[in-house]
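Heads up, the thing below is written out as structure tokens.
Letters A, B, ... are given to chains in the order of the sequence lines, protein chains preceding strands, and every chain is numbered from 1. No experiment lies behind these values; they were computed from the predicted model shown.
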Number of protein chains: 4
Amino acid sequence: MIIEMQKGATEKDIRQVVKRVKENGFDIQMNQGKEKTIVAVLGSGTESIETQIFEVLPGVEKVIRIMKPYKLASRDFEKENTIVEVGNVKIGGNAVVIMAGPCSVESKEQIISCAKIGKSLGAKILRGGAFKPRTSPFAFQGLKEEGLKLLAKAKEETGLLIITEIVAPEDVPLVAEYSDILQIGTRNMQNYRLLEAAGKSGKPVLLKRGFSATLEEWLTAADYLLRENNPNVILCERGIRTFSNSTRFTLDLGIVPVVKKYTHLPIIVDPSHAAGHWEYVPSLSKAAIAAGADGILIEIHPQPKKALSDGPQSLTFSDFSRLMAELKLLAKAVGREI
Amino acid sequence: MIIEMQKGATEKDIRQVVKRVKENGFDIQMNQGKEKTIVAVLGSGTESIETQIFEVLPGVEKVIRIMKPYKLASRDFEKENTIVEVGNVKIGGNAVVIMAGPCSVESKEQIISCAKIGKSLGAKILRGGAFKPRTSPFAFQGLKEEGLKLLAKAKEETGLLIITEIVAPEDVPLVAEYSDILQIGTRNMQNYRLLEAAGKSGKPVLLKRGFSATLEEWLTAADYLLRENNPNVILCERGIRTFSNSTRFTLDLGIVPVVKKYTHLPIIVDPSHAAGHWEYVPSLSKAAIAAGADGILIEIHPQPKKALSDGPQSLTFSDFSRLMAELKLLAKAVGREI
Amino acid sequence: MIIEMQKGATEKDIRQVVKRVKENGFDIQMNQGKEKTIVAVLGSGTESIETQIFEVLPGVEKVIRIMKPYKLASRDFEKENTIVEVGNVKIGGNAVVIMAGPCSVESKEQIISCAKIGKSLGAKILRGGAFKPRTSPFAFQGLKEEGLKLLAKAKEETGLLIITEIVAPEDVPLVAEYSDILQIGTRNMQNYRLLEAAGKSGKPVLLKRGFSATLEEWLTAADYLLRENNPNVILCERGIRTFSNSTRFTLDLGIVPVVKKYTHLPIIVDPSHAAGHWEYVPSLSKAAIAAGADGILIEIHPQPKKALSDGPQSLTFSDFSRLMAELKLLAKAVGREI
Amino acid sequence: MIIEMQKGATEKDIRQVVKRVKENGFDIQMNQGKEKTIVAVLGSGTESIETQIFEVLPGVEKVIRIMKPYKLASRDFEKENTIVEVGNVKIGGNAVVIMAGPCSVESKEQIISCAKIGKSLGAKILRGGAFKPRTSPFAFQGLKEEGLKLLAKAKEETGLLIITEIVAPEDVPLVAEYSDILQIGTRNMQNYRLLEAAGKSGKPVLLKRGFSATLEEWLTAADYLLRENNPNVILCERGIRTFSNSTRFTLDLGIVPVVKKYTHLPIIVDPSHAAGHWEYVPSLSKAAIAAGADGILIEIHPQPKKALSDGPQSLTFSDFSRLMAELKLLAKAVGREI
């Protein structure tokens with residue numbers, strides 16, 4: 001349930017609304033926009049109370065029931081597009097943001113060469129996994145803190161911002177020290193304790209869609225982040241699991257305009273994990289930007305064949321360089337820039 | 001199995017190869033390219049004969065086993081991209097071909113207005129269903145021959161070429177009289193008698209991917225068309241069935257570069273059936289072209305709310321006009337034109 | 001829309017209802033039950049007429065809108081379970097009906113040995129394909145009429161009834177001459193001309209679920225058969241296409257109780273095509289009967305390794321014999337018999 | 001890689017093998033069976049070392065490469081069925097084990113009435129969630145420790161063993177104090193830190209299949225538990241996500257015989273979450289046992305309509321009582337007992 005206050009509503013009006021909500025056993029979350037304040041009434045059982053008990057209060061414009069399971073991620077709660085600002089980079093604005101780097105941080109040389117090529121071609125953010133959630137317990141699990149330090153070095157040398165994955169709540173403080181954006185991977189989209197910890201960190205969070213998550217489940221997971229009063233949530237489509245086996249996952253680009261319609265959050269696309277093979281990455285990168293994505297998250301590697309993880313889907317530097325040139329033209333053709 | 005003849009192979013060499021193939025109980029299909037002739041050895045059981053019995057013949061360059069179930073649609077059989085020429089339109093060449101029109105032909109006024117707007121904006125082909133395969137036997141089934149006549153009238157007035165669906169082998173002669181391209185719908189992708197009849201008609205055929213077909217099943221269905229010595233086959237991706245319910249089907253744009261890799265046939269994308277809602281059609285149209293599609297097949301209607309079928313996913317003329325302007329810029333940015 | 005007549009409604013009452021329906025531009029289909037007559041009002045646009053125009057007529061008990069797309073297959077139209085009687089076999093009654101035989105009829109020896117083992121173990125119906133819809137045009141397509149004649153011979157020798165597949169409308173008269181039940185395969189579930197031809201034949205029809213069909217699409221396809229005044233429709237679940245690759249298709253046994261709830265038609269399960277591997281067939285056969293299926297359709301072969309199609313999923317005679325013993329115990333435990 | 005020792009291999013032989021494995025940078029896990037010792041060689045890169053370096057050692061019978069990603073869960077590592085013993089209950093033996101109870105523990109009265117009815121009908125284990133992973137942060141999250149205490153009370157009164165879910169590593173010690181089996185839910189199947197904590201607890205763990213997990217991903221997740229030297233792992237199939245919407249998830253009973261073939265672990269089926277509706281639960285419960293499951297995990301509630309979660313899929317006590325009678329007959333018919 002959403003309580004929209006009138007333009008001229010006073011602080012006293014708002015306090016009274018909040019009081020009434022709490023008396024009824026619910027929580028609130030407030031969105032104080034330029035023009036209006038919107039109060040979300042949260043908790044189980046909101047569907048069974050009358051809207052009237054709030055409508056009669058002074059300063060209330062209208063009361064709307066949100067039938068969707070997600071509340072804070074909904075356009076009903078926030079009409080304006082959220083623009084996530086990280087350092088001097090704006091995600092969700094007119095510029096298309098390129099986040100590039102290797103799947104895993106493997107060595108100083110590897111990560112710094114990725115950062116340099118990214119920097120020189122117009123990428124703004126360096127990706128690289130230090131804590132890796134691997135399907136098998138016997139596979140390479142990442143360099144952990146050493147990896148984070150190498151990311152920091154790459155940032156120092158190039159000025160690129162850092163995005164890296166967190167896999168457990170207890171790692172959040174450490175990772176948040178080094179990383180500008182916390183990434184929550186597809187397998188952890190519904191790891192609620194992790195969402196809570198990431199939300200509480202205050203850092204921007206990139207939330208990958210679970211590979212079998214519906215839009216509603218994804219945005220409801222975003223609500224776990226948003227209710228920690230952390231507005232800096234970035235969505236990331238990375239391919240869904242279907243019967244089709246011609247690519248590793250099926251990139252669901254139709255979700256891009258749907259996300260733009262129902263939520264105020266920016267959306268990034270990861271073409272690399274969907275494709276599973278470098279040859280298909282350029283097509284999907286271009287398609288993502290044409291579909292309206294606010295950026296792409298792409299895997300590159302100085303020597304893909306020697307990568308410790310995800311080599312087959314990583315672009316070489318020369319392929320990446322060719323792609324970036326194409327993406328710049330394309331972004332311009334759809335009224336954006338890189 | 002593919003027998004690649006040497007550049008200088010004589011007709012006699014080829015005849016001898018054909019003879020040997022037939023003696024072994026197999027069929028052949030020949031691809032006489034500019035430089036080389038390729039002979040496909042067809043039939044069940046090719047996997048169990050020795051390649052040697054053909055390798056020893058004069059004029060034979062090499063013999064390759066094709067492990068994929070599709071043979072004639074494979075790049076191994078034809079290395080050059082197939083360009084389907086229909087009237088003065090080339091599908092699969094540098095130009096991106098726009099096919100637009102209503103889901104069903106409903107009236108003279110409706111189809112002619114669609115044709116005129118399409119013509120004025122740069123569409124080359126008019127779509128419109130006269131025979132409709134409807135899920136329920138109690139739903140509108142199309143105007144049938146009267147619909148075909150209205151399509152002919154629209155062609156006469158605008159010069160646009162016609163594409164319309166066939167749903168049964170016995171209708172092929174009638175439809176082929178009026179239509180420049182025969183469309184085989186998603187539900188009929190594995191209606192083999194229909195494929196045979198369409199193949200035999202000699203007309204170009206647009207083969208929609210079954211909504212749960214793998215790449216292999218789709219290209220093997222194309223083989224049914226190609227083995228009737230009809231090289232003019234156009235593939236069309238139109239969305240696959242998945243768990244995701246935010247769009248009607250999930251448009252699988254990742255298949256575009258995969259198709260380009262494994263087959264020589266052109267590929268068109270239908271964003272309308274995938275989206276299921278007109279608001280998402282522009283995003284997906286742009287994404288399709290950016291991904292490398294050779295054209296799009298799009299639903300438009302003078303008054304979508306009054307359409308007898310698929311109204312919700314049809315664009316109004318003004319939305320279509322805006323989209324065409326965007327697509328022209330986009331096509332240029334990816335080195336193509338509309 | 002369904003018009004339920006009163007118990008004592010006269011023929012004149014019914015005629016008047018029919019007249020009123022036709023005046024409004026709709027078709028009717030009547031279900032004259034023991035107690036009551038039910039009239040289905042069919043055609044596009046039934047949702048926009050008032051129920052009142054029928055409610056006021058003499059003899060009308062009530063008028064119900066059917067919101068589901070399927071009408072004649074619905075329990076609203078027919079409350080009693082349909083029992084399809086073929087010869088002396090009842091499908092949908094208390095007995096669980098076993099239909100067994102090879103994927104394709106290959107030789108006299110093969111089909112007769114299958115019939116004999118089936119007969120001796122309690123199977124009532126012999127399956128065997130004569131016209132095969134094969135994914136590749138270069139694969140074995142069935143013995144066609146010769147196959148039908150071999151089935152007839154097997155019937156003569158054992159008394160088993162015959163079920164075989166039809167793949168095109170023009171084959172229906174020929175196949176109907178030899179076969180007791182016409183089978184429509186998964187790829188043809190929405191081949192509407194074929195459904196019409198099968199419906200018109202008057203023969204019982206087994207309608208396999210399309211491997212990506214929802215319940216609604218499946219039952220709406222059944223409506224195509226039922227509206228030809230052919231009440232003898234048998235549903236068959238044979239596995240759906242999902243991401244899971246541990247079996248060839250995922251057998252959706254949850255559909256069994258759902259079918260029992262929403263439709264009056266009997267349901268058979270085909271464990272062989274779902275499993276894709278003979279080792280998993282016994283488990284799935286038992287599960288199907290425990291779930292409430294009215295029968296199973298199972299592939300057996302005297303020498304599975306030499307089968308021309310579907311060898312890997314066919315049971316040997318000794319495995320089949322062991323399974324039948326288990327199924328008899330199981331059927332008894334769930335209050336049925338074989 | 002698996003090293004199978006000879007029957008008469010000495011401790012010294014084994015120590016030497018272990019030493020050689022570690023010298024090569026790998027970990028080991030040992031399975032000391034009655035007849036033979038099997039040593040699993042674990043770590044990334046095992047595929048690139050020669051088997052010969054172990055084959056030459058004294059006491060080694062043979063060295064096998066395991067091509068599957070799961071190692072410890074594989075039948076190659078343990079040929080005998082694992083029987084998990086919890087108190088006096090054996091899971092994976094001849095008896096089919098019934099685990100029943102409410103979705104969430106809501107009150108003393110509720111959980112004790114469930115325990116009593118379960119006990120009286122032959123259930124051995126009481127289920128009930130205290131920590132609930134809910135899609136929305138605003139939904140009821142469980143009674144937490146209070147819920148655990150109520151479960152303990154129910155155990156005290158009836159003697160039933162307890163199974164309850166864990167959702168975060170930090171909760172494991174607390175939950176392990178009260179619960180006989182730790183349940184890992186479908187959303188947490190790949191929450192690797194949670195798997196590690198559960199494995200280390202030494203408690204039996206029931207690992208639900210992720211609703212989009214392949215067999216390989218599921219068994220590889222089991223490897224995370226097994227490598228903590230915790231052999232008491234129970235698998236649980238609970239329905240997968242597919243396009244089909246007639247049940248909440250599609251219960252994949254075909255996985256039951258597949259699991260029996262490729263792994264030594266017992267498998268339980270949860271028909272309630274798959275069905276999503278109580279009317280379909282009896283069919284699926286019976287099907288699960290007929291398919292070969294070692295038990296079922298089923299939701300019951302004294303007043304399903306008032307349940308705080310999952311009411312629609314919970315059985316009333318009278319429906320549960322009827323079902324248990326049916327299951328006992330069925331179990332007997334497949335050579336098992338309840």
Answer yes or no: does atom [atom1] of [X] have more than 12 heavy-atom neighbours from other residues, nucleotides or ligands under 6.0 Å?
| X | atom1 | result |
| --- | --- | --- |
| D:Lys90 | NZ | no |
| D:Lys79 | NZ | yes |
| D:Glu47 | CD | yes |
| C:Glu337 | CD | yes |

*C:Thr250 and side-chain contact (heavy atoms from CB on, under 4.5 Å): which partner among D:Thr242, D:Leu251, D:Asp252?*
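Looking at D:Thr242, D:Leu251, D:Asp252, the match for C:Thr250 under the side-chain contact (heavy atoms from CB on, under 4.5 Å) is D:Asp252.
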_Taking every non-hydrogen pair under 4.5 Å, which of D:Val256, D:Leu215, D:Thr214 racks up the most with chain C?_
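Most heavy-atom pairs under 4.5 Å with chain C: D:Thr214.
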*Among D:His277, D:Lys286, D:Glu326, single out the residue with the greatest number of heavy-atom pairs under 4.5 Å to chain C.*
D:Lys286
Non-hydrogen atoms of [X] and [Y] that approach each other most closely:
| X | Y | value |
| --- | --- | --- |
| D:Leu284 | C:Leu253 | CD2-C, 4.1 Å |
| C:Ala290 | D:Ala290 | CB-CB, 3.6 Å |
| C:Ala291 | D:Ser283 | O-OG, 2.9 Å |
| C:Arg209 | D:Ser244 | NH2-OG, 3.4 Å |

Under 4.5 Å from any heavy atom of chain D - which part of [X]:
| X | answer |
| --- | --- |
| C:Ser212 | both |
| C:Ala213 | backbone |
| C:Lys261 | side chain |
| C:Ser246 | both |
| C:Val258 | both |
| C:Tyr262 | side chain |

Nearest-0.5 Å distance that lies between atom [atom1] in [X] and atom [atom2] in [Y]:
| X | Y | atom1 | atom2 | result |
| --- | --- | --- | --- | --- |
| D:Asn245 | C:Glu216 | CG | CD | 7.0 Å |
| C:Leu330 | D:Ile289 | CG | CD1 | 11.0 Å |
| C:Phe243 | D:Ile240 | CZ | CD1 | 4.0 Å |

_Winner by heavy-atom pair count (cut-off under 4.5 Å) against chain D, out of C:Gly254, C:Ser285, C:Ala287, C:Ala331_ =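 Of C:Gly254, C:Ser285, C:Ala287, C:Ala331, C:Ala287 has the most heavy-atom pairs under 4.5 Å with chain D.
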